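Source: prediction; values computed, not measured. Counting convention: from 1, in listed order, for ligands and their atoms alike.
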Amino acid sequence: MAITDAPYTNNILLQGYDRLGIRSVADLIRHYPARYEIRPDHTPIASLTHNANGSTSGTLTSSRWVAGWGRAKGRFEAVLQDDSESLRLVWFNSPFLRDKLHPGITIAVTGKVKRSNGFLEMVNPRWSELAGDQTDPDEASPPIRPVYPTTEGLTSDRIAGHIKRTLDWALPHVQDPIPESLRSKQNLLPLDRTFDLIHRPQSEDDYKAARRRLAYNELILLQLGIQLKRAHTHHRYASPAIESSERVDQRIRDRLPFTLTPAQDHAVRQIAQDLATPVPMNRLLQGDVGAGKTLVAVYAMLLAASQGWSSALMAPTEVLAVQHYQRLAELLRDAELPVDLVTAGIDTPTLTPDNPRLLVGTQALLNREGITDRIALVIIDEQHRFGVRQRGHLRQTTQTSATGVLQKIHRPHQLVMTATPIPRTLALSLFGDLDVSTISQPPSGRRPIRTVVSPPQQIDIVHADILKRVAAGEPGFIVLPTIDDQGDDDQTAKGVEARARQLMNSPLGEYGIEIAHGRMTPAQRAAAMKAFSNGRSRVLVATTVIEVGVDVPDAGWMVIEQADRFGLAQLHQLRGRIGRTTGDKPCICHLIAQPTTDQGQQRMAAITQSTDGFKIAELDLQIRGMGEFYGTRQAGASPLRMATLPDDEALLKLAGRDANDIIKSDPSLSNPEHKLLRKVLERQLGENIDLIDIA
Ligand code: ADP
Ligand code: MG
């Protein structure tokens, strides 16, 4: 594609394009239509139907400009006639039509048809002239019109014109990175033809085929990138091989306070397998809050310790690090594995093979001198963040065992724990360099949660419902998106403080109401939490601060106000705060919302119908699309534009297999037919990958 990367230098055309992110010819050609308008078939005028889109053609019998107030204001009127009937045409504020639409010429028109006062009429129709040898209306106006994303001053039609003119000269210069052999195997269009058809399709099949090719392109590049990265890691880095045995395994299990659940057991086996080889583990352990991930982590750390290796557990904040430290110290009381909290003011303890330890801290810990040398395993607890992007900033040391020719760089095995379920298809595509273990069932059956949606007008009914539960001794949460938004009345009280004030004066007030939000001091918040968790107050009105850290197992109900302002995954996360004890008595989660958009309604339906975090994550992805899924999780922009998941899963798998075949047969992409692919990848991956390095 070399030549099309030249800047798009026509100054007149450049206006507005920068706002669309278009800076080169290649960008322009990759500005794909957002959708297509299908032109109705041409019919005689008499066959046009009222209130429907129609296309027809005929001869103009009259035309005139009716001036209005102000320059260019007014309307251009014309009458179109064929053998069957006549059609009135009106264009508003288009004086320039005077120079174009003269009586006697033949034109084709497309637009919405109205019948008023017995006359057929089209307002602001699209038109094209049938002149010279072009007498077929189907040819004069294309059957499918691309509609482009626009910006101020650039209409879709203008963009279409620019693209059309650019394609005319640029297409012959387009080079295709996908080798011909692969294209014919997967029945993919060549790239030049693809660009042509995505912008100028003659049929639905045309743009579908073009779309498929472009989606495949994105997916195979992604897969190649991921697989090359993996190959690169294997080639350059080594982690200690920590072999287990039945005896070691049994000893570790004996030390754990619980028998592992089947899901934990499965995860533990996968991790033990990873640790047994010098290939650095890069695994994601996902499971809802309370799924029992910590025990899996503890197993892995004990396994490392059994061979004299220390481990490090990283938390996102210092507060969470302290919590982890306390829990682990308790869990490992009898396990002969010293646990150290390492924070800013504390020195790193000495790590030796006879003295393996478990260090707990924030990620800053990894930057300490000499730490990673004696650490075999780093466990990162991401909590709710999707921060897969932050991975991999481990300090690398050059200390290696000098086996073989190549000096591999020591790197600890990595396990990332997350409570944010990542949809399977996303995990497969974007984080394909991660292996994933999933704990989908918590250790013990939790209380079932029923979720219902009520409109804001019914908030009193909801409050009456929870009053019954509160009176029966059951604590619970009221969650609002804002702190001190006042609202107009009780029903629309929008913030934590307004809602709490209102409830204190209601029958619920008798049972004690606490508030918690991010603007309180830690001491104030701690006091409120304490009153709530020891049962003195049974209602906690809070912002999403309760997402992390509040653990009141008896809590059996939750009200989430303005629920449509939260993401699906977040609603699920919040809901996970209740029903944390075993039992059959159902918990209730009231969502207060009255969504008006399709999307909003779909989301509310999804959350009421499922309590499976993975299903919800996949639905979230399906409903909101990848872009948004990314945005809210600060994981950077999605590299996919044409491909959409989960819809393109089949194509993703195909691309994954093809990428694998390519790398197997030509790991450094030095084969001439992969030359372009290599160039594109080098640009995409930047210096992250030294392709030459991969043997
Ligand atoms: P996560 O880290 O995934 O949020 P935790 O590891 O904190 O979950 O576990 C949640 C709760 O379940 C804890 O109270 C823990 O002690 C308990 N737990 C974990 N594993 C088991 C098990 N195998 N059997 C019984 N209880 C368990
Ligand atoms: Mg946890």
Side-chain angles (χ1 to χ4, degrees), residues 249-272 283-303 311-317 319-335 337 339 358 360 362 377-387 414-422 436-447 449 533 544 546-555 569-570 572-583 587 611-614 616-617:
D249 174 68
Q250 198 49 57
R251 230 178 52 215
I252 295 173
R253 285 174 196 256
D254 290 345
R255 292 275 155 77
L256 297 177
F258 311 103
T259 310
L260 296 177
T261 64
Q264 286 172 324
D265 184 66
H266 188 65
V268 156
R269 283 169 197 275
Q270 289 176 317
I271 291 167
R283 184 170 286 277
L284 186 72
L285 176 62
Q286 54 175 352
D288 272 355
V289 172
K293 297 182 292 293
T294 314
L295 208 60
V296 173
V298 166
Y299 180 104
M301 296 183 290
L302 287 173
L303 180 53
S311 309
L313 178 70
M314 310 288 105
T317 66
V319 175
L320 286 167
V322 172
Q323 274 180 22
H324 266 312
Y325 166 73
Q326 288 164 345
R327 266 191 76 192
L328 289 168
E330 171 71 24
L331 266 172
L332 294 171
R333 217 177 19 198
D334 309 319
L337 177 59
V339 183
L358 169 55
V360 183
T362 61
L377 172 65
V378 168
I379 298 179
I380 300 168
D381 190 357
E382 293 277 358
Q383 292 284 341
H384 301 292
R385 271 185 293 155
F386 201 36
Q414 268 190 77
L415 180 69
V416 179
M417 301 197 290
T418 177
T420 303
I422 298 171
V436 180
S437 296
T438 299
I439 306 183
S440 49
Q441 284 291 321
S444 44
R446 288 166 145 220
R447 289 172 60 189
I449 302 178
S533 56
T544 53
I546 62 156
E547 229 181 338
V548 192
V550 182
D551 202 359
V552 178
D554 303 341
Q570 200 180 11
H572 178 67
Q573 210 76 254
L574 283 166
R575 185 171 63 175
R577 291 279 121 203
I578 58 174
R580 310 196 67 178
T581 49
T582 49
C587 302
T611 50
D612 177 340
F614 294 92
I616 287 171

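- The closest donor-acceptor contact from the side chain of Lys293 to the backbone of Gly287 lies under 3.5 Å.
- Between Ile439 and Ala263, the shortest heavy-atom contact is CG2-CB, 3.7 Å.
- Taking each heavy atom of Leu328 and Thr294 in turn, the nearest pair found is CD2-CG2, 4.2 Å.
- The distance from ligand 1 to the heavy atoms of Lys293 drops below 4.0 Å at these ligand atoms: 1 (P), 2 (O), 3 (O), 4 (O), 6 (O), 8 (O).
- Within the structure, the closest approach of Ala291 to ligand 1 falls below 4.0 Å when heavy atoms are considered.
- Against a heavy-atom cut-off of under 4.0 Å, Thr259 is close to the following atoms of ligand 1: 22 (C), 23 (N), 24 (N).
- Between the side chain of Gln264 and the backbone N or O of Leu295 there is no donor-acceptor pair closer than 3.5 Å.
- Residue Thr294 has at least one heavy-atom neighbour below 4.0 Å for each of these atoms of ligand 1: 2 (O), 5 (P), 6 (O), 7 (O).
- Heavy atoms of Ile439 found under 4.0 angstrom from ligand 1: none, in either backbone or side chain.
- Residue Met417 does not touch ligand 1, judged by heavy-atom distances below 4.0 Å.
- In terms of N/O distances under 3.5 Å, ligand 1 is approached by Gly292.
- The contact set between ligand 1 and Leu295, taken as ligand atoms under 4.0 Å from a residue heavy atom, comprises 20 (N), 23 (N).
- Counting all heavy atoms, side chain and backbone alike, Gln270 lies closest to Ser437 at OE1-OG, 2.6 Å.
- Side chains of Arg327 and His324: no donor on one and acceptor on the other come within 3.5 Å.
- Taking a cut-off of under 4.0 Å to the non-hydrogen atoms of Thr261, the atoms of ligand 1 that pass are 23 (N).
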task = Begin from the C-alpha positions of Leu303 and Val268 and carry the test side-chain contact (heavy atoms from CB on, under 4.5 Å) through to its verdict.
result = CA-CA 10 Å; Leu303 180 53; Val268 156; over 6 Å; no
